[in-house]
Student: 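So that we are looking at the same thing, I have put the structure below in structure tokens.
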Amino acid sequence: MAAAVVVLSAVTCAIMLSINWNGAEDSTAAPKIDDLMNIAIVLSTVIFWIVMVALAYALHAFKVKPGDESDGEPIHGNTRLEIAWTLVPTVIVLFLGGYSWKVLDDIEQPADRQLTVDVFSQQYAWSFGYPGKEYAYSQGVLHVPVNRQIVFKMHAQDVIHSFWVPQWRIKKDNVPGITTTAIVTPTKTGTYQLICTELCGFGHASMRAKVVVEPEAKWEKWVAGLKEKVPTPFMVSVKQDTETNPEPLERVEAE
Ligand SMILES: [Cu+2]
């Protein structure tokens with residue numbers, strides 16, 4: 001049985017780990033999150049096969065004999081086994097919890113020269129505000145500089161949406177009334193898709209935006225060329241958002 005678990009786990013892990021689940025790793029967070037996911041895959045695969053092999057063995061070994069109509073024997077249980085199947089999952093869950101905590105902490109470590117970008121989500125569109133540049137505003141397209149830590153402040157206008165650029169790995173819900181934050185450091189230039197990944201209504205599937213990661217000088221030029229300013233209702237929504245984000249208040253008053 002142990003040999004069966006080892007062989008089946010090895011084959012399944014080889015297949016699962018060879019698949020590139022989330023595309024290129026284009027942020028500092030991506031390799032860390034992929035490592036975490038790979039560890040979770042290996043652990044779940046081994047547990048899956050322990051359960052399956054034990055189940056197959058039990059189905060075969062304890063099958064009732066033909067003609068046997070008697071009740072099963074009353075069995076008290078197996079204390080050692082029960083302790084084992086309580087302790088082992090507890091240790092695994094605590095390990096994964098602790099490891100995830102460390103990964104998230106690493107990813108969110110504040111870097112020098114953070115850049116804050118406001119993200120406005122509504123049924124079914126994304127738009128963006130660039131502070132420090134007189135609240136320059138872009139709709140449907142997000143530009144960010146490469147190799148700079150970006151703090152995305154999310155402001156949902158109606159229902160819950162979720163911010164996700166697969167190649168960055170980071171995914172964050174946008175919740176009405178609350179400012180949620182996602183911290184991302186893109187490491188490669190290129191064009192990506194921002195995808196809404198929380199079912200938000202009829203047009204959810206088409207709620208996407210273009211993301212351009214470019215060298216900082218090019219990004220500055222692009223922001224400087226933006227004509228629109230963040231519309232007042234959006235600035236108000238920033239103000240109405242959570243009390244944990246006092247910074248935008250001044251920006252509303254400044255407007
Ligand atoms: Cu959506």
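We count ligands from 1, going down the list as the structure has it; atoms in each ligand are counted the same way.
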Student: Leaving waters out, which protein N, O or S atoms fall under 2.8 Å from the Cu ion (ligand 1)?
Tutor: Cys196 SG, Glu198 O, Cys200 SG, His204 ND1
Student: Which pairs with one or both residues in residues 58-72 pass salt bridge (Lys or Arg N to Asp or Glu O under 4.0 Å), sequence neighbours excluded?
Tutor: none
Student: Can you tell me if Asp118 and His155 form a side-chain donor-acceptor pair at under 3.5 Å?
Tutor: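 Side chains of Asp118 and His155: pair found under 3.5 Å.
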Student: Sorted by first residue and then second, give each salt bridge (Lys or Arg N to Asp or Glu O under 4.0 Å) pair with at least one member in residues 77-89; sequence neighbours left out.
Tutor: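 Found none.
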Student: Under the side chain to side chain donor-acceptor pair (under 3.5 Å) rule, what do Ser138 and Tyr130 come out as? Steps first, then yes or no, please.
Tutor: CA-CA 8 Å; Ser138 69; Tyr130 304 86; 3.1 Å; yes
Student: Write out all pairs satisfying salt bridge (Lys or Arg N to Asp or Glu O under 4.0 Å) with one or both partners inside residues 29-43, taking only residues at least two apart or from two chains.
Tutor: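 Listed by first then second residue: Asp34-Arg169.
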Student: Using only heavy-atom distances, determine whether the side chains of Ser162 and Asp173 contain a donor-acceptor pair under 3.5 Å.
Tutor: yes
